[in-house]
Novice: 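One structure is given below, represented as structure tokens, and several questions about it will come after.
No experiment lies behind these values; they were computed from the predicted model shown.
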Amino acid sequence: MRTLPLTDPGTADHRSPGRFLWWMARGQWHTLLAGMGFGIVWMGSQAVLPAVIGRAIDRGVAAQDTGELVRWSGILLAIGLVQAASGIMRHRFAVTNWLTAAYRTVQLIGRQVVRLGGTLPRKVSTGEVVAIGTTDLASIGQVMDVSARFAGAVFSFVLVAVILLQTSVPLGLVVLLGVPLLMLLIGPLLAPLQRRSAAQRALMGGLANTASDIVAGLRVLRGVGGEAVFLDRYRRESQETRRAGVAVARLQSVLDALQVFLPGVFVVIVVWIGARYAVSGRISPGELVAFYGYAAFLMMPLRTATEYANKLIRGRVAARRVCAVLALEPELRDVPDPAPSPPRGSELYDVRSGLRVRPGVMTAVVADDPDQVAHLADRLGLFAAEPDDDVRLGGVPLTRLDPTEVRRRIVVSDTGSTLFSGRLRDRLDVAGASDERVLAALRTASAEDVLDALDGGLDGEVAERGRSFSGGQRQRLVLARVLAADPEILVLVDPTSAVDAHTEARIAGSLRGHRVGRTTLVATTSPLVLDAVDEVAFMQAGRVVATGSHHELLAGDPGYRRVVVREAEPEGPLPAGRGETEAAR
């Protein structure tokens, strides 16, 4: 399947649902034209069947001419075969058009998700993306599906009108004027249906987001006894979504009923007029049968036209949601004229905080505010919502470098990192590492027990988001994954926060040896990890106020000691005789 570009000269802004659908149709015009062609042949062959039957009655049955009867019966058989063959091909191309449009939408959204990177979760909820991948792509595909039948409906309507005009001008005018009138009667329902469909679609996105939040945080909810609260919330939102769906279905049911009722009334009118003409001798019995056949047949193009309008409305609602995602721009864009990349082993320096990460050294950063450390890590890896020029590699601001180069040289692994489903080897080997390097990373992360417990070892399957592992196991596998990537500069945020003290001691003892000669920054307050690093930088109010070894800062900086040892800051002078005891704590 040929992929679509993300931008197009006519629809680069991706803000018009109609233009987006037109753009999608242009991208698969070959199959659309083929489907329309077979749709025209399929409906056109049905449209001429009543005329052939009428001729067979008049020239064969009424005239008692066996030869004519056989001749027109043969023509009827040939038309039936053409109708069957074209119907098969029309359906095949209709399915092809549906699938092509649906999965091209998946391609576009998938590529846009990759392009946006960390910008996506800050601007679009998870439920919105899920709804696009489950509901909207189907609606867009249905527009392409029904297009073939709609083209056939328009052609067959014109063909029948021409045949009727040649037979009887009044009956032909009834058809030509009556069908548009019926469409006008249905038209007022389409705008309210679009509004209600849009409202339902928005509620479905919110409900999917709530469901994903509950699933992701189920363990935490059980821990705090919050299942009932979120269950009530989900019930309220689901009932609101259900009511919106019922409102759409109520209007949809009226539209569906009119699709049957109005063409039925139209058939009655045409047959009544044709019967009066037959009684008065203005048309033959065969022509009367043909008129009845035309009237019955016209129900199909009428229903197809209303179905097309209905699905076009739903497709526009879906396209508007897709366009909203495609219109997003990444917060970090490509640099038009990137600066030359600094040589390997350059120093990473943050002007704003004063943090210096010396090359080939394992540095730890400790802050009195954990949020400051998380924000600092985002800035060091160009993941901040608003990148600035304060972070520099070898004196060059990161914002002046090619973002791909920055991502390759500086890797940030924070507490939000997760595991994807699939083979464990593929989940850990993200940079073409050998099995030996992956196993070495697992040993450093003290995750051999996870590997041994998994059926198949490295070939074992990881469940979605690694849900089959405990929190500590997931954290160790995430650490092993980033160690196996072996980046030039590695930034770790609380890499041992979910493991026990014994495991943490093993990780701290082996991490320094694994990263020897490479630059590593660890954001942590764990004394076990801090004792294993080369240098510690202590931040207060967003600025580095002291650097040194863990023991030096512990002995000489009370603020550092309070953060690491978790001492409570005294509110006033200590009573006599208690100062040494409190300090010892």
Side-chain angles (χ1 to χ4, degrees), residues 18 21-22 24-50 79-105 137-163 175-176 178-180 182-187 189-190 193-194 197 252 255-264 266-267 293-319:
L21 291 175
W22 171 249
M24 290 287 290
R26 283 195 317 173
Q28 57 188 84
W29 66 270
H30 300 85
T31 56
L32 274 177
L33 283 182
M36 290 178 180
F38 283 111
I40 289 173
V41 174
W42 177 61
M43 275 202 173
S45 59
Q46 295 182 70
V48 299
L49 280 178
I79 294 176
L81 294 175
V82 171
Q83 177 187 348
S86 59
I88 293 173
M89 296 305 298
R90 180 208 60 80
H91 181 72
R92 287 175 63 90
F93 277 101
V95 174
T96 299
N97 287 325
W98 190 99
L99 292 175
T100 301
Y103 287 103
R104 287 165 91 89
T105 304
L137 63 85
S139 299
I140 293 173
Q142 286 172 354
V143 174
M144 305 303 166
D145 167 22
V146 76
S147 297
R149 282 183 289 126
F150 179 67
V154 174
F155 174 81
S156 61
F157 165 72
V158 175
L159 179 61
V160 168
V162 170
I163 294 175
V175 173
L176 283 176
V179 172
L182 293 180
M183 295 303 299
L184 290 176
L185 293 176
I186 296 175
L189 296 175
L190 301 181
L193 180 61
Q194 181 170 356
S197 298
Q252 182 68 51
L255 182 61
D256 291 342
L258 290 177
Q259 289 179 12
V260 177
F261 176 73
L262 293 179
F266 184 70
V267 169
Y294 292 139
F297 166 75
L298 284 174
M299 292 184 64
M300 182 182 296
L302 284 175
R303 295 188 65 177
T304 301
T306 53
E307 179 188 1
Y308 178 78
N310 183 19
K311 290 185 176 180
L312 183 61
I313 287 175
R314 292 180 178 271
R316 287 177 60 87
V317 172

Novice: If I compare all heavy atoms of S86 with all of V41, which pair ends up nearest, and what's the gap?
Specialist: CB-CG1, 3.7 Å
Novice: Just to verify, what does L159 make a side-chain contact (heavy atoms from CB on, under 4.5 Å) with, not counting sequence neighbours?
Specialist: A47, V48, F155, I163
Novice: Looking at CE of M36 and CG of N97, how far apart are the two atoms once the value is rounded to the nearest 0.5 Å?
Specialist: 8.0 Å
Novice: Determine yes or no for a side-chain-to-main-chain donor-acceptor pair under 3.5 angstrom, with Q142 supplying the side chain and G315 the backbone.
Specialist: no
Novice: Heavy atoms, side chains only, cut-off 4.5 Å: are V154 and I40 in contact?
Specialist: no
Novice: For residues 145-152, please give each side-chain donor-acceptor pair under 3.5 Å, one per line with the distance, not counting sequence neighbours.
Specialist:
residue, atom, partner, partner atom, Å
S147, OG, V143, O, 2.7
R149, NH1, E307, OE1, 2.9
R149, NH2, E307, OE2, 3.1

Novice: Please report the closest heavy-atom contact between A101 and G141, naming both atoms and the distance.
Specialist: CB-CA, 3.9 Å
Novice: Spell out, as yes or no, whether a donor-acceptor pair under 3.5 Å connects the side chain of R92 to the backbone of G35.
Specialist: no
Novice: State, with a plain yes or no, whether a side-chain heavy atom of T304 is found less than 4.5 Å away from one of M43.
Specialist: yes
Novice: Are M144 and L32 side-chain neighbours, meaning at least one heavy-atom pair lies under 4.5 Å?
Specialist: yes
Novice: Less than 4.5 Å apart, side chain to side chain, heavy atoms only: is that true for L49 and Q83?
Specialist: yes
Novice: As an exercise, state the distance from CD of Q28 to OG1 of T96, rounded to the nearest 0.5 Å.
Specialist: 9.5 Å
Novice: What residues, two or more places apart in sequence or in another chain, satisfy ring-ring contact (aromatic ring centres under 6.0 Å, His included) together with F93?
Specialist: F38
